[in-house]
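Everything below concerns the one structure shown next.
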Protein chains: 2
Amino acid sequence: MARGVGSSDGKRRPITARELARMIGVSQSAVSRAFTPGASIAAELRQKILKFAEEQDYHPNAIASMLSKSRTNIVGIVVSDMSNPFYPALIQKLSQGLQRIGLQSLLFNITKGSNIEEQLSALRRYNVDAVIVISATMLSGATLHWATEGRAAILINRVVEDADINCVCCDNVEGARAIADHFHELGRRRVAYVSGLSHTTTNLERQNAFITRIAELGMTLTGRVDGGEYSYEAGRRAALEIAAKNNADAIFFANDILAIGGIDALREDVGKRVPEDISVAGFDDIPMASWPHYALTTFRQPLDEIVTVVVGMLEDGSCQPGQPSSVRRISGGLIVRHSTGPLG
Amino acid sequence: MARGVGSSDGKRRPITARELARMIGVSQSAVSRAFTPGASIAAELRQKILKFAEEQDYHPNAIASMLSKSRTNIVGIVVSDMSNPFYPALIQKLSQGLQRIGLQSLLFNITKGSNIEEQLSALRRYNVDAVIVISATMLSGATLHWATEGRAAILINRVVEDADINCVCCDNVEGARAIADHFHELGRRRVAYVSGLSHTTTNLERQNAFITRIAELGMTLTGRVDGGEYSYEAGRRAALEIAAKNNADAIFFANDILAIGGIDALREDVGKRVPEDISVAGFDDIPMASWPHYALTTFRQPLDEIVTVVVGMLEDGSCQPGQPSSVRRISGGLIVRHSTGPLG
DNA sequence: ATATGACTTGCATACGCATTCAACATGAAC
DNA sequence: GTTCATGTTGAATGCGTATGCAAGTCATAT
């Protein structure tokens with residue numbers, strides 16, 4: 001049999017609270033209390049114990065603590081798409097925010113090939129204190145419900161209004177309207193829209209708000225293309241499709257990575273000038289959006305605020321089951337760069 | 001006091017093995033065995049128990065299992081830089097590879113601002129079965145040793161030859177030499193080198209191999225600039241510094257994200273033509289390297305193979321403490337695109 | 001001097017599962 | 001029919017910590 005990770009040989013067993021207690025001549029309870037903030041223990045004794053603990057390299061065993069407290073201090077983070085640079089950035093900030101309040105991040109990567117239910121069953125077996133689902137386009141509503149049932153859960157950038165689920169989400173309507181208004185101010189009148197996954201809530205909100213707004217402004221929707229995924233390549237394909245019809249003077253891509261693919265296709269493959277011939281806007285404000293070649297006009301998702309809100313909900317318990325669920329919309333901001341401009 | 005994540009109200013306690021056993025009329029041991037592959041239990045009884053478990057929605061509590069087996073099935077992944085797109089891609093594939101053999105990924109984000117020792121103490125308290133350190137430039141050798149001491153550990157893209165630590169690493173020497181040879185074949189003779197963090201082992205290996213090779217080939221090193229970090233902005237600054245001296249006809253950047261920043265600076269800020277005036281090469285082959293505007297010639301790090309090797313070491317236990325440690329070099333491949341070309 | 005209360009401390013037990021050990025059943029071999 | 005090997009099961013215990021409870025200490029108030 002393969003020995004594998006975790007086989008016991010080679011690891012010297014760490015010292016336990018009981019052993020440390022015996023050395024010092026106190027009870028195991030005392031050791032436990034020394035490490036429990038606010039526990040009933042004399043300051044003097046606590047110091048003594050902590051000093052010995054330091055010397056003996058004693059560390060409380062978090063596993064045992066989990067078992068007896070039935071609280072793990074672990075948050076499951078469910079992700080489905082790390083190839084969009086927006087998400088690594090979010091995950092990084094999120095995991096740092098969680099670490100700041102003493103929570104660890106257990107990562108769950110959901111992809112097409114994998115057995116989702118089996119992976120998510122780990123959420124239950126590991127007793128994670130909370131689940132944060134980051135735009136898991138792979139998850140059906142039923143799976144989502146099953147995975148989060150009975151525990152604290154927050155969805156980021158996916159909204160389920162009717163179900164009893166907490167959502168934290170950039171204000172997609174605000175963003176899409178801002179882009180529409182911006183196109184209008186630039187004199188663009190014939191605009192197209194490119195979605196990533198058409199059924200995702202982020203897309204539906206952006207798309208509907210955008211189309212509604214351009215109608216209000218008297219502009220024409222010349223095309224609507226679904227890329228099939230939120231990727232650079234999908235953006236390229238969609239842009240080519242739109243360019244073939246040759247009747248749009250502006251394109252709003254559902255996110256930045258699509259938009260960047262779109263810009264490359266327009267310039268490299270069909271020789272369009274961006275922004276003169278066709279203006280392009282995206283959504284997210286990923287790092288590449290500010291690269292000069294793209295200089296992408298976009299609607300910024302405020303990562304820090306999103307993380308702050310999520311961490312806050314975890315901290316104050318407002319995402320606990322039993323608490324009323326809420327949908328928090330975080331306001332973003334239009335970033336105007338050079339991928340949009342007057343007709344020229 | 002804030003209620004916070006994990007407060008007990010609102011969660012109904014899941015059923016335990018003992019309760020399930022009582023319902024069925026068997027012992028708790030039997031339930032445990034039913035869920036333990038290879039355990040001594042009649043196939044018939046196992047099926048019966050599994051059927052009831054399904055009905056009663058019983059799931060073994062992984063925490064309790066950890067405590068009694070002193071094996072967590074959790075791997076700590078220590079990361080310091082998610083802003084370089086290479087790492088999210090690696091993390092994604094890695095966590096999927098781990099999930100495939102039943103291991104979960106606990107993520108540790110190390111950044112300048114954070115208290116590293118405090119964060120890494122969680123590695124010990126949580127009893128992770130193994131630690132994978134991904135190019136943690138933030139970690140001193142001592143901290144690294146402390147964090148991984150006495151447990152299975154693998155460093156990815158950081159090499160510590162003398163210490164007793166397992167390393168899996170792209171063959172930097174092979175890559176740097178390939179770039180040098182490529183420059184030479186193109187007729188470039190005056191080359192510069194840009195490092196990210198000069199003291200990192202990836203940099204030292206690439207730099208030394210590159211410089212050695214260009215000397216062998218009779219080429220001139222016109223400059224060597226340290227960017228101070230592996231970032232787009234650092235690449236820009238370094239490129240400007242080199243362009244100011246105006247005596248290089250090719251630049252090898254220590255990685256792709258630097259190179260991309262460099263290309264933008266050369267083209268946008270100082271009006272150089274890439275590749276005609278200056279050829280540029282990077283290292284990693286991140287997704288952006290294939291974007292047509294950059295079309296970056298680079299040395300590809302074989303992500304899948306790296307992950308395969310790491311997962312294999314975890315699976316066969318060859319990274320356990322007590323086992324002889326090894327440094328595995330994974331061979332990559334030169335990807336020639338249009339950021340390098342003949343003088344023109 | 002006694003009563004009261006606030007603090008401290010240790011004992012014992014619970015947390016849920018894995019595993020050892022002994023008991024038992026079954027069937028084959030003699 | 002007896003013996004032995006093999007396979008199956010349950011009782012009991014351990015994993016390391018947290019915590020309710022009772023006992024104890026000490027100072028203050030009466």
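This one's a predicted model, so the numbers in the text were calculated from it and none came from an experiment. Order of the sequence lines fixes the chain letters, A, B, ..., with proteins taken first and strands second; residue numbering starts at 1 for each chain.
Using a 4.0 Å heavy-atom cutoff across all strands shown, I63(A) reaches no nucleic acid atom at all.
Between Y126(A) and F108(A), the distance from one ring center to the other does not fall under 6.0 angstrom.
In this entry the distance linking CZ of R46(B) with P of dT9(D) reads 10 Å, nearest Å. Across the protein-nucleic acid pair, E44(A) atom CD and dC7(C) atom P stand 17 Å apart, rounded to whole Å. Put simply, CD1 on I41(B) is 20 Å from P on dC24(C), counting in whole angstrom units. If you measure from atom CG of N73(B) to atom C1' of dC17(C), you get 14 Å, rounded to the nearest angstrom. A straight line from CZ of R71(B) to P of dT19(C) spans 11 Å, rounded to a whole angstrom.
Side-chain polar atoms of S325(A) and N166(A) form no donor-acceptor pair below 3.5 angstrom.
More than 12 non-hydrogen atoms from other residues, nucleotides or ligands lie less than 6.0 angstrom from CD of E55(B).
Side-chain proximity of S40(B) to dT8(D), dG10(C), dT9(C): nearest is dT8(D).
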Seminar exercise, completed: With sugar-phosphate taken as primed atoms, P, OP1 and OP2 and all else as base, the protein-contact string of nucleotides 14-20 of chain D at under 4.0 Å (heavy atoms; B, S, -) is BBBBBBB
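Exactly one residue among V128(B), I132(B), L106(B) makes a side chain to side chain contact (heavy atoms under 4.5 Å, CB included) with V75(B). That residue is I132(B). Checking each of I77(A), I156(A), L139(A) against V133(A) for a side chain to side chain contact (heavy atoms under 4.5 Å, CB included) leaves exactly one that passes, namely L139(A).
By the 4.5 Å heavy-atom criterion applied to side chains, W146(A) and S121(A) are counted as neighbours.
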